[in-house]
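Structure record follows, encoded as C-alpha cells.
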Amino acid sequence: MSNVPAILSPTEEDIQLLLSAQCHIGAKNVTTRMIPYVYKRRADGVNLINLGKTWEKLIFAARVIAAIENPQDIVVISARPYGHRAALKFAKYIGAEAIVGRFTPGTFTNYITRSFREPRLVITTDPRTDFQAIKEASYVNIPVISLADTDSFLQYVDVAIPTNNKGKHALGLIYWLLARAVLRLRGTLDYATPWEVMVDMFFYRDPEEAEKEQEAAAAAAAGLEGEEALEASADWVVEGAEGVIPANADWSAPTDWAEDGAVSAAPAAAASSWDA
C-alpha cells in the first residue's frame, strides 16, 4: 500500500483509525499541487484522499522531525481551534514548542518582539490559516511541514501531509500518529509495544461541554458528601444524655431499680419545693 520499509508500514488498526476519523475525506475543491494525493472523486463532489500517500508523507515528516537534535528548536503552530489541543499535546510529547491561537507577526523575523523565535523546523496545521507563519519561515529559510487538505495552497510548504485538516478527530489522530512515529524513530518507544497515551487526549474538547462535565462531577461529589453527612449524623450520639446507655456499660453488675427511682425522685421534690 505504501512505499515504506516493512517496520514502518501501517497496521490494520492504523488504517481503521484513519478511516474512522475520516482522515480520507477531503474538500470539494482541489488545487493543482494536491491532485496527486486524491484517490477519486465521489458522486457528491467530495474528493477522497489516498491514505497510502498520507502514511508515506507522515513517516517522511516524522523522519524529518526526528533528525532535529534539539526538540526545542521545533515550533508547532495551529490557528485553527480544532487543532489547539492536538498541537499542545504533540509539542508536549516530542519536547517542542507550541504556538496556538493568533500568530504574532514578526515572531520569526523581528528580533525586537518578545515572542521572537529562531526555530529550525516549523509544523503548521493548515496552510491557509497559518500562512503568516509559513511566509515568515520562508523569509528566514526555515523548512515547513504542514497538514494539507485537497483545497490547500502549498506555497512555501516543504513537506505536505495530505489529510482532512478541518475535523477535530482527523487533526487529533494525525498529530497522535505523528508523535508516536517520532518517538519510535528516536528509540524511546518500541515498535512492538503500543503507546500508552490514548488518542482521545489529542481531540478537541468544547469548553462548554467540559464545564458541564465538571459541574456534573462536582454535583455528584456534593451529593455523596451530603449522604455521608446524614449517615454520620444518624449514628451520632450525645454523651451523657438521659435514657442513653453507654456502650461500655457493665451488664453483669446487679442493679436496684427502686434505688434509681428514689434518686431520680429527689431532685424532682427539691424543684417542687422552690416553686412552692
With a 3.5 Å cut-off and sequence neighbours excluded, list the donor-acceptor pairs that the side chains of residues 22-30 form with protein atoms.
none

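Rounding to the nearest 0.5 angstrom, the gap separating the CG atom in Asn47 from the NZ atom in Lys40 is 11.5 Å. To the nearest 0.5 Å, the span separating CG on Leu17 from CD on Glu12 amounts to 11.0 Å. Here the CD1-CG distance, from Ile59 to Leu8, works out to 5.0 Å after rounding to the nearest 0.5 Å. Here the straight-line distance linking atom NZ of Lys168 with atom CG of Leu171 works out to 11.5 Å at 0.5 Å rounding. Annotation: the span from Ile142 atom CD1 to Leu121 atom CG amounts to 9.0 Å, rounded to 0.5 Å. Rounding to the nearest 0.5 angstrom, the gap separating the OG1 atom in Thr129 from the NZ atom in Lys166 is 9.5 Å.
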Q.
Is there a side-chain contact (heavy atoms from CB on, under 4.5 Å) between Gln155 and Lys135? Walk through the geometry before answering.
A. CA-CA 9 Å; Gln155 187 179 16; Lys135 191 174 181 180; over 6 Å; no

Q: With side-chain contact (heavy atoms from CB on, under 4.5 Å) as the test, would you mind laying out the steps for Val157 and Ile134 before giving the verdict?
A: CA-CA 7 Å; Val157 175; Ile134 295 175; 4.1 Å; yes

Q: Would you sort out whether Leu178 and Ile65 count as a side-chain contact (heavy atoms from CB on, under 4.5 Å), showing the intermediate values?
A: CA-CA 9 Å; Leu178 188 60; Ile65 296 171; 4.0 Å; yes

Q | Worked check of side-chain contact (heavy atoms from CB on, under 4.5 Å) between Glu118 and Phe108 | A | CA-CA 6 Å; Glu118 288 183 303; Phe108 297 153; over 6 Å; no

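With Lys53 contributing its side chain and Pro36 its backbone, the two residues share a donor-acceptor pair below 3.5 Å. Side-chain atoms of Glu136 come within 3.5 Å of backbone atoms of Thr107 as a donor-acceptor pair (strictly under, hydrogens ignored). Not a single donor-acceptor pair under 3.5 Å links the side chain of Thr163 to the backbone N or O of Asn165. One N or O on the side chain of Arg85 and one on the backbone of Met201 form a donor-acceptor pair closer than 3.5 Å. Between the Asn50 side chain and the Val38 main chain, no donor and acceptor come within less than 3.5 Å of each other. A donor-acceptor contact shorter than 3.5 Å links the side chain of Asp130 to the backbone of Thr125. In this structure, Ser138 contributes its side chain and Tyr156 its backbone to no donor-acceptor pair below 3.5 Å. Between the side chain of Arg33 and the backbone N or O of Leu154 there is at least one donor-acceptor pair closer than 3.5 Å.
Taking the six-membered ring where the residue is Trp, Tyr82 and Tyr204 present tilted rings, their angle falling between 30° and 60°. Between Phe116 and Tyr111, the two ring planes are perpendicular [angle over 60°; tilted spans 30° to 60°].
Between Arg180 and Asp14 a salt bridge is recorded (basic side-chain N to carboxylate O distance below 4.0 Å).
Smallest separation of non-hydrogen atoms from Val159 and Ala61: CG1-CB, 4.2 Å. For the pair Phe202 and Phe90, the tightest heavy-atom approach, listed with the atom from each and the gap, is CE2-N, 3.6 Å. Across Ile77 and Tyr175, no two heavy atoms sit closer than the pair O-OH, 4.2 Å. Minimum heavy-atom separation, His169 to Ala21: O-CB, 3.8 Å. The minimum heavy-atom distance between Pro143 and Asp158, with the atom names listed, is CA-OD2, 3.2 Å. Taking each heavy atom of Ala96 and Ile74 in turn, the nearest pair found is CB-O, 3.3 Å.
Cluster annotation: Trp55 is connected to Leu19 through the hydrophobic network of ILVMFWY side chains, with a link wherever side-chain heavy atoms come within less than 4.5 Å. Residues Val75 and Ile68 do not share a hydrophobic cluster, clusters being chains of Ile/Leu/Val/Met/Phe/Trp/Tyr side chains in contact below 4.5 Å. One hydrophobic cluster, built from ILVMFWY side chains closer than 4.5 Å, holds both Phe131 and Val140. Linking Ile, Leu, Val, Met, Phe, Trp and Tyr residues whenever their side-chain heavy atoms come within less than 4.5 Å places Val197 and Leu58 in a single cluster. Under the 4.5 Å side-chain heavy-atom criterion for Ile, Leu, Val, Met, Phe, Trp and Tyr, Leu48 and Ile35 are members of distinct hydrophobic clusters.
Two residues are said to be in side-chain contact when any heavy atoms from C-beta on lie closer than 4.5 Å; Glu56 and Pro162 fail this criterion. A heavy-atom distance below 4.5 Å is found between the side chains of Tyr191 and Leu185. In this structure, the side chains of Ser115 and Thr104 come closer than 4.5 Å at one or more pairs of heavy atoms. Considering only heavy atoms from C-beta on, Ile145 comes within 4.5 Å of Val64 through its side chain. Side-chain contact check for Ile99 versus Val76: every heavy-atom pair is 4.5 Å or farther apart. Using a 4.5 Å cut-off on side-chain heavy atoms (C-beta onward), Leu18 and Leu177 make contact.
Heavy atoms of other residues, nucleotides or ligands lying less than 6.0 angstrom from CD of Glu97 number more than 12. Atom CZ of Arg63 has 12 or fewer neighbouring heavy atoms from other residues, nucleotides or ligands inside a 6.0 Å radius.
Residues meeting the side chain to side chain contact (heavy atoms under 4.5 Å, CB included) test with Val199, sequence neighbours left out: Leu173, Trp176, Phe203. Residues forming a side chain to side chain contact (heavy atoms under 4.5 Å, CB included) with Arg128 (at least two apart in sequence, or on another chain): Asp126, Asp151, Phe153.
Just one residue in the list Leu147, Ile49, Asn164 forms a side chain to side chain contact (heavy atoms under 4.5 Å, CB included) with Thr54, and that residue is Ile49.
In this model, a donor atom of one side chain and an acceptor atom of the other lie less than 3.5 Å apart for Lys57 and Tyr37.
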